[in-house]
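Note sheet for the following structure.
Scope of the values below: all heavy atoms of this structure, side chains included, with no hydrogens, waters or symmetry mates. Below, chains carry the letters A, B, ... as their sequence lines are ordered, and counting in each starts from 1.
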Protein chains: 2
Amino acid sequence: MAQSRRRIPEASVIRLPVYLRILIEQFEQQVDNISSERLAELAGVNAAKVRKDLSYLGSYGTRGVGYEAEYLIYQIRRELGLTHDWPVVIVGAGNLGQALAGYGGFSERGFHVAGIVDVDDNKIGSVIAGIRIRALDELAKIVSGHEVVIGVVATPADAAQDAADRLIAAGITSILNFAPAVLSVPASVVVRKVDLATELQVLSYYEQRRLTALHSVPTGSTRGASA
Amino acid sequence: MAQSRRRIPEASVIRLPVYLRILIEQFEQQVDNISSERLAELAGVNAAKVRKDLSYLGSYGTRGVGYEAEYLIYQIRRELGLTHDWPVVIVGAGNLGQALAGYGGFSERGFHVAGIVDVDDNKIGSVIAGIRIRALDELAKIVSGHEVVIGVVATPADAAQDAADRLIAAGITSILNFAPAVLSVPASVVVRKVDLATELQVLSYYEQRRLTALHSVPTGSTRGASA
DNA sequence: CGGCGCTCGTGCACGCTTTCACAAAAGCAG
DNA sequence: CTGCTTTTGTGAAAGCGTGCACGAGCGCCG
């Protein structure tokens with residue numbers, strides 16, 4: 001029997017949201033039961049990996065049958081802490097911050113924007129997707145008022161560390177960083193970084209390699225169909 | 001001596017842009033020479049890792065001294081294929097697509113938006129950050145006209161596969177996918193996925209764990225200062 | 001010009017991740 | 001109830017990535 005309260009390897013944690021989304025989609029299409037094989041196909045991964053990932057949650061499949069979508073959805077939600085909505089606060093109401101504030105994908109998947117702040121007086125007061133941009137000073141008030149624990153840094157690189165410091169001072173314990181800067185934070189704070197330009201630079205590397213392909217590489221063995 | 005034209009492990013490729021950014025920053029601050037130790041500190045990683053990563057490029061450091069910033073910048077740029085600008089085309093001019101089109105970070109780091117397309121007639125014709133939103137049908141024209149090889153999918157999930165198909169049909173060989181959907185593409189096409197909600201869900205998992213911390217975990221050994 | 005101190009480059013061991021392969025279990029048919 | 005099919009759950013092996021530890025090379029100082 002699998003462990004039900006163990007620490008799940010990070011690699012698996014990252015895939016759980018993918019499975020979750022697929023399961024929800026399938027369930028909405030009246031698919032009640034799904035095999036690891038099928039789920040793997042939809043997620044673009046190996047079936048054994050799916051089974052191992054799911055086994056960290058517990059033993060929720062039925063041999064010879066597969067996984068009951070609805071039940072599995074519940075279990076993944078529970079494990080990911082998605083049984084309730086999480087408020088998030090966004091620092092930086094530039095291009096990206098505003099897009100994030102208005103991004104429908106958040107609310108659909110368990111998050112809502114409790115507030116967005118910026119330093120720019122010209123922006124403060126404007127309303128984005130129904131949310132008023134507030135002053136940076138109001139950060140602490142927003143965080144404590146809504147019991148926010150997740151902060152999003154969407155500032156330019158040179159303001160990112162300051163934004164992070166303020167978030168942490170306000171009580172935030174998880175940060176999603178979109179600024180192209182390495183944040184230095186206490187060990188108790190979890191940071192995840194998303195760097196848009198870095199992603200393009202990685203693609204650039206593979207394109208570059210493709211050009212310099214006077215080498216071994218058969219054709220495109222670099223990566224297959226992917227996540 | 002290190003290999004100079006080998007395949008670089010993906011994990012290293014992902015860190016190179018980070019080093020690059022830091023090196024540029026340092027060089028602009030008149031730092032001509034930098035040790036792996038210092039670079040590691042700024043990048044939030046282990047010094048041995050930095051040296052190993054850089055060794056894939058070749059043997060460009062000087063023992064007892066460190067790395068010459070300017071030269072290393074050039075070498076990383078060369079390896080990543082950033083010696084010239086790459087045009088990219090964006091599919092989807094919603095919230096996110098528009099933010100990406102206007103995002104300064106791209107142009108600063110070797111990319112420019114050759115075009116942005118959408119299906120919505122109401123959006124077509126509008127100008128975002130100096131770029132006119134064009135019809136989806138014009139995709140092929142944009143791609144061939146500017147010799148674009150990198151495409152960005154910024155559509156809703158249900159339109160993502162179609163967007164990818166069209167990009168590939170137009171000749172795109174690398175895709176950056178922001179839609180919460182798994183794209184199925186030929187093996188020769190490289191896809192990278194950025195899923196904003198997934199990132200938050202991962203943070204949610206660690207927050208959830210924190211609450212359920214009646215367990216082993218001392219305090220916050222989950223992750224230290226991070227990327 | 002020899003010795004010393006510093007930092008790179010990398011072999012090696014360890015730990016995490018992926019994948020394979022198969023026994024165990026469930027359903028179904030007769 | 002027995003045997004057959006299907007699919008899970010998981011040991012074990014293989015593959016990667018990380019970090020330590022140290023030899024090798026470089027510069028500097030006397």
Side-chain angles (χ1 to χ4, degrees), chain A residues 1-4 6-16 18-19 23 26 31-69 71-72 75-76 202 221-227, chain B residues 1-4 6-16 18-19 23 26 31-69 71-72 75-76 202 221-227:
Chain A
M1 192 166 301
Q3 55 279 72
S4 42
R6 284 247 142 287
R7 160 176 264 98
I8 301 177
E10 171 143 351
S12 292
V13 172
I14 291 170
R15 285 185 295 265
L16 289 178
V18 178
Y19 303 148
L23 286 166
Q26 291 294 306
V31 176
D32 292 330
N33 208 280
I34 189 165
S35 69
S36 60
E37 194 85 36
R38 176 76 179 130
L39 186 47
E41 186 193 333
L42 293 171
V45 301
N46 181 294
K49 197 187 279 183
V50 169
R51 290 198 295 276
K52 188 146 282 184
D53 286 342
L54 296 181
S55 79
Y56 292 120
L57 307 178
S59 207
Y60 299 134
T62 306
R63 290 165 196 240
V65 178
Y67 299 88
E68 195 198 333
Y71 187 50
L72 195 50
Q75 291 299 341
I76 295 179
V202 172
S221 58
T222 313
R223 288 167 63 126
S226 42
Chain B
M1 191 168 298
Q3 55 280 73
S4 43
R6 283 246 143 286
R7 159 175 266 99
I8 301 177
E10 172 143 349
S12 292
V13 172
I14 292 170
R15 285 186 294 265
L16 288 178
V18 178
Y19 303 148
L23 286 165
Q26 291 294 306
V31 176
D32 291 329
N33 207 278
I34 189 166
S35 69
S36 60
E37 194 84 37
R38 176 77 178 128
L39 187 46
E41 185 194 334
L42 294 171
V45 301
N46 180 294
K49 197 187 280 184
V50 169
R51 290 198 295 275
K52 191 151 285 186
D53 287 341
L54 295 180
S55 79
Y56 291 120
L57 306 178
S59 209
Y60 299 132
T62 306
R63 290 165 198 242
V65 179
Y67 298 88
E68 194 198 332
Y71 187 51
L72 195 50
Q75 291 298 342
I76 296 179
V202 172
S221 58
T222 313
R223 288 166 63 125
S226 42

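The two residues V31(A) and A69(A) have their closest heavy-atom pair at O-CB, 3.6 Å.
Applying the side-chain contact (heavy atoms from CB on, under 4.5 Å) criterion to A48(B), with sequence neighbours excluded, gives N46(B), R51(B). The side-chain contact (heavy atoms from CB on, under 4.5 Å) test applied to E41(A) returns R38(A), not counting sequence neighbours. Residues that satisfy the side-chain hydrogen bond (donor to acceptor under 3.5 Å, both in side chains) test with S12(A), not counting sequence neighbours, are D53(A). With sequence neighbours left out, the side-chain contact (heavy atoms from CB on, under 4.5 Å) criterion links V65(B) to N33(B), T62(B). Not counting sequence neighbours, the partners of Q75(A) by the side-chain contact (heavy atoms from CB on, under 4.5 Å) test are Y60(A), Y71(A), R78(A).
Across the protein-nucleic acid pair, E68(A) atom CD and dT8(D) atom P stand 14 Å apart, rounded to whole Å. Going from atom CZ of R7(B) over to atom P of dC16(D) covers 11 Å, rounded to whole Å. Between L54(B) atom CG and dT18(D) atom P the separation is 14 Å, expressed in whole Å. Atom-to-atom, CG of L72(A) to C1' of dG9(D) comes out at 14 Å; the value is rounded to the nearest Å.
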**Message:** Would L42(B) and V18(B) count as a side chain to side chain contact (heavy atoms under 4.5 Å, CB included) here? Give the steps.
**Reply:** CA-CA 9 Å; L42(B) 294 171; V18(B) 178; over 6 Å; no

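Close to dC26(D), at under 4.0 Å from its OP1 or OP2, lies no side-chain N or O of Y67(B). Contact annotation: T62(B) does not reach the phosphate of dC26(D) (side-chain N/O to OP1 or OP2, under 4.0 Å).
By the neighbour-count criterion of 12 heavy atoms within 6.0 Å, atom CD of E37(B) is sparsely surrounded, having that number or fewer from other residues, nucleotides or ligands.
The closest side-chain heavy-atom distance from L54(A) to L39(A) is below 4.5 Å. Contact check for Y56(B) versus P9(B): side-chain heavy atoms found under the 4.5 Å cut-off.
To the nearest 0.5 angstrom, S36(B) atom OG is 5.5 Å from Y67(B) atom OH.
Near DNA chain D, meaning a heavy atom under 4.0 Å away, the residues from residues 31-39 of chain A are S35(A), S36(A).
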**Message:** Can you build the contact string for nucleotides 14-23 of chain C? Use B for base contact, S for sugar-phosphate-only contact, and - for no protein heavy atom under 4.0 Å.
**Reply:** ---SSBBB--

Every protein N/O lying under 3.5 Å from an N/O of nucleotides 1-3 of chain D:
none

